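Report on the following structure.
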Amino acid sequence: MTHPTIIWVPCDSAARSVGADAVAETLAVEAAERGVSLEIRRNGSRGLFWLEPLIEVDIAGQRIGYGPVDVSDIPALFEAGFLTGKPHDRHVGPVEEIDFLARQTRITFRRCGLISPLDTNDYESHGGWAGLKRAAILPPATIVEEVTRSGLRGRGGAGFPAGIKWKTVLGEQRTPKYICCNADEGDSGSYADRMLMEGDPFTLIEGMAIAGLATGAEHGFIYLRSEYPDAIATMNTAIARARTAGYLGPDILGSGKAFDITLRRGAGAYICGEESAMLDSLEGKRGEVRAKPPIPAFSGLFGQPTVVNNVLTLATVPMILSEDPGPEGYAALGEGRSAGTQPFQLAGNVRRGGLVEAPFGLTLRQLVEDFGGGSLTGRPLRAVQAGGPLGAYIPVSQFDTPMTYEALAEIGAMLGHGGLTLFDDNVDMAEMAQFAFEFCAEESCGKCTPCRVGAVRGAETMAKIRSGDSVEDNLVLIEDLAEVMVDGSLCAMGGLTPMPVRSAIAHFPEDFSADGGKN
Amino acid sequence: MANSDSTTGSRADEGVSAICAKYDNRPDALIEILIDLQAERGCIADADIAPLADTLNLSRAEIHGVRSFYSDFSSAPKGRVSVKLCRAEACKSVGGDALAKAVEKRLSVQLGHTSPSGDVSLEEVYCLGNCALAPAALVGDRLLGRATADKIANAIGKSKT
Ligand SMILES: Cc1cc2nc3c(=O)[nH]c(=O)nc-3n(C[C@H](O)[C@H](O)[C@H](O)COP(=O)(O)O)c2cc1C
Ligand code: SF4
Ligand code: FES
């Protein structure tokens, strides 16, 4: 008997959102009708979303891609001989050689899209658990030291060095301690956390377990937003399987140390991505921002020492603790204090939308043009919003900015969670500025006045500007409001809302003139 | 609990007790408990607050405060199918506003409202993590990419059956 041909069809929710399930079902039905023996496996997404559903035929160990595949393409694919890699309109060649992927440096995402996400053996045979195995026999201080040496900074937005945070928690004597993974991923334009949790969930589990061993925390929580039902289901199954296999539990890999994880869902509040609001939510309360100090490392969940890290920060740790690339190898990538790789996410009006993991330092232009291929509509690009709803709008004239924390700060922008939302020349920047205020008004936790009141007044004032009402006076008022919000807000929600607003006004003044930029 | 019969007997609610028990009656699991309750009943009714408070040993004001804080919770019943339409930037950049209008028209429901028949509630959300295949919508638990009013109507039809 011949072996069945293996075909990979993504189970990632974005791939499913454009028909991957129907493709998998139809492939099975067609194969049965033709008497062809197929084994359909589900992988995560490679992050080449414009090609989804992207199916991959395993031919002697090489994976040949076809995408985007519609159900209606499937009979023709069989006829063309796709099971032996033959040409067809949808044929994109060996997936690893697709330019968009071949030019990346995948470390955090090295397994995503390659393996079967919930198969612990598949994970292990692709380098999984190597970091945890090392960590299980290392002294905690050495683990922390390696993370520090790697230069890894928080990927959730603030970019704080992970090793320093861990060191503080390790140094605290009080127990219990906690590891809280921030999987709230509220920033528009970003989806890397979701992709990783759906496509390679054990990496996150491994990273959290290492964080536990490093700091003396025996319990971890994943705070996962309710907007991600597939990620919730996948993570829950992955946690259960990791426990059964002994990677979580009372004695991790014979270290004599315990670590386990509980998943908690969010309930639709952007502010719960802010770490102290997240902690309150994890305690069953309203997600209100806490005054700092104390920082969570001293007084976090239930008042105990707590590490709060983003999904991507934690999911990168296993590779830092393993030999490939290890702390030095990781630190050698990137530029200066922006060490390692960043998973950038191309979003919005983009021809080739998807995840680009690359060392810090490539330019925004390389990302949006070389990788992204410009706008989806084919019209000229006008702006890119970097770093989510609180991030700056960057004009084309600044596209040569290198993507590092430092270079972005210099132009008044920020990296945030690495989302890049593209806009073509149809965008009305005054409308986007109004939206920034409206979003803040909607999602503010309400604890401080500059944010709560400023956002509402900002939105009203911007609406007046758009209708041509006392434009100059109102722009002065906007600037005053922005100043009050920046100076007087308790957290970055109110403090950064002026960033998209001010950048829109500074770079696109024509959209804020009395005629509303209409001519 | 046996000893609470006399004082809270009138408020006892087996459904609420069962959900709370799933989380060992832990007050810090309140969000999880409310998510389950909301899913089971379509809302967290005023009448549910007292039994929740008793079981979890929290004040009614605390539960009230949590219910009103999170946009996933509602005191009045939501539709049998929930349609969440992304209104954030990446979706706006490819016609999200026009889609919102088309969907309102197609479903005869305004954003933020539930259809009179109780079939569908149409909600605004900010980002569904499908920003490379925008505009996006979530119909029940089903994510849609490159969403159109037709695709959304179809998905509603499917999730009703
Ligand atoms: C309004 C607001 C929203 C935030 N949302 C998120 C989020 O969704 N995910 C995240 O990881 N961090 C978010 N952050 C940053 C967190 O407060 C915190 O810095 C981060 O989780 C720490 O982890 P890291 O050091 O690994 O980045 C947000 C911050 C603010 C002010
Ligand atoms: S700035 Fe806004 S979100 Fe942050 S604490 Fe103040 S009111 Fe809450
Ligand atoms: S902005 Fe709409 S899905 Fe992310």
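The sequence lines fix the lettering, A, B, ..., with proteins before strands; numbering per chain opens at 1. Values in this document were obtained by computation on a predicted structure and should not be read as measured data.
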Sort out for me which of [options] touches chain B most, counting heavy-atom pairs under 4.5 Å.
options: A:R225, A:E443, A:Q345, A:M195; answer: A:R225
options: A:F439, A:Y270, A:W50; answer: A:F439
options: A:V427, A:I271, A:L282; answer: A:L282
options: A:T421, A:L346, A:D230; answer: A:T421

Using non-hydrogen atoms and a 4.5 Å limit, figure out which bit of A:S281 sits close to chain B: side chain, backbone, both or neither.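 Its backbone and side chain both get close to chain B.
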Using non-hydrogen atoms and a 4.5 Å limit, figure out which bit of A:D21 sits close to chain B: side chain, backbone, both or neither. side chain
Proximal component of B:L138, with respect to chain A [non-hydrogen, under 4.5 Å]: side chain
Quick one: what part of B:E62 sits under 4.5 Å from any heavy atom of chain A, side chain, backbone, both or neither? neither
Please check this pair: side chain of A:N349 against backbone of A:L376, looking for a donor-acceptor N/O pair closer than 3.5 Å. yes
Keeping the roles fixed (side chain from A:E185, backbone from A:A192), state whether a donor-acceptor pair exists under 3.5 Å. yes
If we count only N and O atoms by modelled type, under 3.5 Å, do the side chains of A:S276 and A:E274 hold a donor and an acceptor together? yes
Looking just at side-chain N and O atoms, do A:S13 and A:R194 make a donor-acceptor pair shorter than 3.5 Å?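 A donor-acceptor contact under 3.5 Å links the two side chains.
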For the residue pair A:Y178 and A:F221, does the interplanar ring angle fall in the parallel (under 30°), tilted (30 to 60°) or perpendicular (over 60°) class?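 Answer is tilted, since the angle falls between 30° and 60°.
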Please state whether the rings of B:Y126 and A:F435 are parallel, tilted or perpendicular, taking 30° and 60° as the class boundaries. tilted
If you check every heavy atom in residues 67-97 of chain B against those of chain A, which residues fall under 4.5 Å?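 B:S68, B:F69, B:Y70, B:S71, B:D72, B:F73, B:R87, B:A88, B:E89, B:A90, B:K92, B:S93, B:V94, B:D97 fall under the 4.5 Å cut-off.
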A:D12/A:R46 ion pair, N-O < 4.0 Å: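 Result for this pair is no, no salt bridge flagged.
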Regarding B:R41 and B:D13, does a basic nitrogen lie under 4.0 Å from an acidic carboxylate oxygen? yes
Donor-acceptor contacts under 3.5 Å from residues 103-113 of chain B side chains, at least two apart:
unit_1: B:E104; atom_1: OE2; unit_2: B:L111; atom_2: N; d: 2.8
unit_1: B:R106; atom_1: NH1; unit_2: B:D150; atom_2: OD1; d: 2.3
unit_1: B:H113; atom_1: ND1; unit_2: B:L111; atom_2: O; d: 3.2

Any chance the rings of A:Y393 and A:F508 have centres within less than 6.0 Å?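 For A:Y393 and A:F508, the ring centres are not under 6.0 Å apart.
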